[in-house]
Amino acid sequence: MSITLPNNSIMLKPDFTFGVATASFQIEGANTEDGRLPCIWDTFCATPGKVFNGDDGSVACDHYHLWKEDVQLIKSLGVDAYRLSIAWPRVMDEQGEPNEKGLLFYRNLIKELKANGIKVFATLYHWDLPQHLEDKGGWLNRETAYRYAEYANLITNELGQWVDSWATFNEPFCAALLGYEVGVHAPGLAKPEYGRQAAHHILLAHGLALPAIRANSPTADVGIVLNMNRIYAASDKSEDQFAALVRETLDNQFFIEPLLKAQYPKLLNNVLPHYLPTILPGDMEIIARSIDFIGMNFYTCNHNEYDEENLYREVKKENVEYTDIGWEIAPQAFNELLINLNEQYDLPPMYITENGAACADTIEAGKVDDDQRVRYLQGHINAVNDAITAGVDIRGYFAWSLMDNFEWAEGYSKRFGLTYVDYETQERTIKRSGYAYRDLLLSRQK
């Protein structure tokens, strides 16, 4: 099976960007090397019962040492761009001074990517908050937003000349809500008001950092990456429709509306006022500063029925296909989400910054036949094409992920990669999905 697009697809034209994506904590390893400080995920992994199998990021894919080989792997897939993230605790000490050894790693990596004709999409924060800042309250502490702005200034000043695109944050939803409201991600706190306050400070940090990023890296695009699921009501009953609206408001609109309209959803004022964070004068104007793009990470959809205590409860559909992590495969939901957002907002250009599937991959005779992932990519890449045809301004698509890696609370039990990683030997083996993705990209007319 192959991955194909209609012959007249805009996505096949040279100015559409195809790439692969990773994140620092998930692949780098070397978490005590060359002056890297502990981060909240190091602490979380070391806490019994938090991460599947007690897995941690101490070695991961050993990308910190294998980066040169990995650049050649990226190049072999025929991509235009590579989305990576910078590890804050690797590049800055507790006093806010640069860590030259950590900076040298990223400088060398980025220059090697550029030397191989690969555009660099860098994310400044993909969840690895330095532990010393968490000790002072982390994202619940407003001061962390200002420390982040200093970090962003340092990094973009050091690396800005080589980076094509900067994202301030990856998935504020996950960083704030899974980390501070639900507690299944680092730092493992669990209060509704914590999650929303952490989210507000993350969005504030985004806005505070924008002027310095633009000044330091004037030729680069600057934006933010959000994750969204398409949210459905479990039935036509009015209470289930309401349940879906509540979840849509809390999960999706809570993050995009401040960025584009300088306000949190008005529904919260009357229905869920305890979900509204403390906002200081001027905050919303800072959060809503102009951006060049929104990155969108999409994996699945969900179905919701009314619940008296929580207002919504997710229900699983029968007779649909799920991935190995238990997420419904729903490319049509992706198309609907993109079109709906385009109708709701005056959107900046969009990039699909993550999209992919965890599959139960096995390697046999040096090959990985991940048919489900090939079908997933075929459906979702074409859903993006259909959204573009419907008028959504989408400029690029990044498959998640370049390689199997540390999947957060799931440890190494779930594989999202286009490349199979043997964690014992660190051998990389391109899967059938990786070759199918490569063949699509090589079929384009340059």
Side-chain angles (χ1 to χ4, degrees), residues 21-71 83-110 122-136 138-139 144 147-148 151 154-155 158-159 169-171 174-175 178-179 184-188 401-417 421-426 428:
T22 65
S24 51
F25 192 85
Q26 294 182 267
I27 67 167
E28 284 179 3
N31 65 346
T32 60
E33 206 164 316
D34 291 338
R36 181 188 175 281
L37 301 177
C39 79
I40 56 175
W41 271 95
D42 296 311
T43 305
F44 195 70
C45 291
T47 307
K50 294 297 187 183
V51 176
F52 181 83
N53 200 39
D55 292 341
D56 63 36
S58 57
V59 178
C61 306
D62 201 24
H63 175 69
Y64 190 75
H65 299 111
L66 300 176
W67 61 271
K68 271 202 171 181
E69 295 94 319
D70 287 341
V71 170
R83 178 175 174 242
L84 61 103
S85 77
I86 312 292
W88 186 348
R90 199 180 286 289
V91 296
M92 204 176 198
D93 68 15
E94 285 196 34
Q95 288 70 46
E97 296 299 316
N99 173 22
E100 186 50 43
K101 286 184 178 178
L103 286 167
L104 184 62
F105 167 70
Y106 291 111
R107 206 177 288 125
N108 287 338
L109 170 60
I110 288 170
T123 301
L124 285 163
Y125 185 85
H126 200 127
W127 310 353
D128 37 12
L129 183 72
Q131 182 62 42
H132 69 89
L133 291 176
E134 181 59 37
D135 293 342
K136 296 173 184 172
W139 290 113
T144 302
R147 300 291 79 78
Y148 170 86
Y151 153 69
L154 172 91
I155 288 299
E158 292 282 348
L159 305 178
F169 284 88
N170 179 76
E171 301 183 352
C174 293
L178 299 187
V184 294
H185 279 188
S401 170
L402 166 66
M403 63 179 101
D404 297 334
N405 53 49
F406 177 82
E407 184 46 40
W408 307 111
E410 302 287 348
Y412 296 99
S413 68
K414 303 301 177 189
R415 294 180 177 269
F416 275 91
V421 177
D422 181 324
Y423 295 113
E424 296 292 317
T425 65
Q426 292 299 339
R428 278 81 156 128

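For the numbers below, each heavy atom of this structure counts, side chains included, while hydrogens, waters and symmetry mates do not. All figures in this text were calculated on a predicted structure; none of them were measured in a lab. Along the sequence shown, residues carry numbers from 1.
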Exercise for review: Kindly compute the distance separating CG (Leu103) from CG (Leu154), expressed to the nearest 0.5 Å.
Suggested key: 6.0 Å
Practice item. Locate the shortest heavy-atom distance separating Ala60 from Gln426; write the atom from each residue and the value. Key: O-NE2, 2.9 Å
Practice item. Please work out which of the three classes, parallel, tilted or perpendicular, describes the rings of Trp408 and Phe25, given edges at 30° and 60°. Key: parallel
**Study point:** Side-chain heavy-atom pair Arg428, Asp70 within 4.5 angstrom cut-off
**Key:** yes
Review point. Are Asp128 and Arg90 within salt-bridge range, i.e. N to O under 4.0 Å?
Key: no
**Study point:** Rounded distance (nearest 0.5 Å) linking atom CG of Leu104 with atom CG of Leu109
**Key:** 11.0 Å
Practice item. Answer yes if the side chains of Glu33 and His65 hold a donor-acceptor pair under 3.5 Å, and no otherwise. Key: yes
Review point. What pair of heavy atoms forms the shortest contact from Pro38 to Pro89, and how long is it?
Key: O-CB, 4.2 Å
Practice item. Using modelled atom types only, decide if a donor and an acceptor are shared between the side chain of Asp93 and the backbone of Gln95 within a distance under 3.5 Å. Key: yes
Review point. Counting only N and O atoms by type, is there a donor-acceptor contact under 3.5 Å from the side chain of Asp404 to the main-chain atoms of Gly417?
Key: yes
Point to revise | Arg147 vs Glu94, salt bridge (Lys or Arg N to Asp or Glu O under 4.0 Å): CA-CA, chis, key distance, verdict | key: CA-CA 10 Å; Arg147 300 291 79 78; Glu94 285 196 34; over 6 Å; no
Point to revise | From Asn405 atom CG to Arg415 atom CZ, the distance as rounded to the nearest 0.5 Å | key: 10.0 Å
Review point. Quick one: are the ring centres of Tyr151 and Tyr125 less than 6.0 Å apart?
Key: no
Practice item. List the steps, then state whether side chain to side chain contact (heavy atoms under 4.5 Å, CB included) holds for Glu171 with Leu178. Key: CA-CA 10 Å; Glu171 301 183 352; Leu178 299 187; over 6 Å; no
Practice item. Classify the angle between the aromatic ring planes of Tyr64 and Phe105 as parallel (below 30°), tilted (30 to 60°) or perpendicular (above 60°). Key: tilted
Check your understanding: If you round to the nearest 0.5 Å, how far is OG of Ser24 from OH of Tyr106?
Key -> 5.0 Å
Check your understanding: Hey, are Glu28 and Arg36 close enough for a salt bridge, meaning a charged N less than 4.0 Å from a carboxylate O?
Key -> no
Point to revise | Sidechain-backbone polar pair: Glu69 side chain, His63 backbone, donor-acceptor under 3.5 Å | key: no
Check your understanding: Do Arg83 and Asn170 pass the side chain to side chain contact (heavy atoms under 4.5 Å, CB included) test, and can you show the C-alpha distance, the side-chain angles, and the key distance before you say yes or no?
Key -> CA-CA 11 Å; Arg83 178 175 174 242; Asn170 179 76; 2.6 Å; yes
Point to revise | Minimum side-chain heavy-atom gap Trp41-Asn31 below 4.5 Å | key: no
Check your understanding: If you take all heavy atoms of Cys45 and Phe406, which pair is closest and at what distance?
Key -> SG-CZ, 3.5 Å
Check your understanding: To the nearest 0.5 Å, what is the distance between CD (Glu134) and OG1 (Thr144)?
Key -> 8.0 Å
Point to revise | Heavy-atom side-chain proximity of Glu158 to Val91 below 4.5 angstrom | key: no
Practice item. Compute the centroid of each ring, for Trp127 and then for Phe44, and state whether the two points are separated by less than 6.0 Å. Key: no
Point to revise | Criterion side chain to side chain contact (heavy atoms under 4.5 Å, CB included) on Leu159 and Ile86, from CA distance to verdict | key: CA-CA 10 Å; Leu159 305 178; Ile86 312 292; 4.0 Å; yes
Revision key, fill the gap. Tested for side-chain contact (heavy atoms from CB on, under 4.5 Å) against Trp67, the lone hit among Asp62, Asn108, Ile27 is Asn108
Check your understanding: Once you round to the nearest 0.5 Å, how far does CH2 of Trp88 lie from CG of Asn99?
Key -> 15.0 Å
Review point. When you look at Gln26 and Ser85, which way does the side chain to side chain contact (heavy atoms under 4.5 Å, CB included) test go after all the steps?
Key: CA-CA 10 Å; Gln26 294 182 267; Ser85 77; over 6 Å; no
Practice item. Over all heavy atoms of both residues, which pair between Ser58 and Asp56 is shortest? Give the atoms and the distance, please. Key: OG-OD1, 2.6 Å
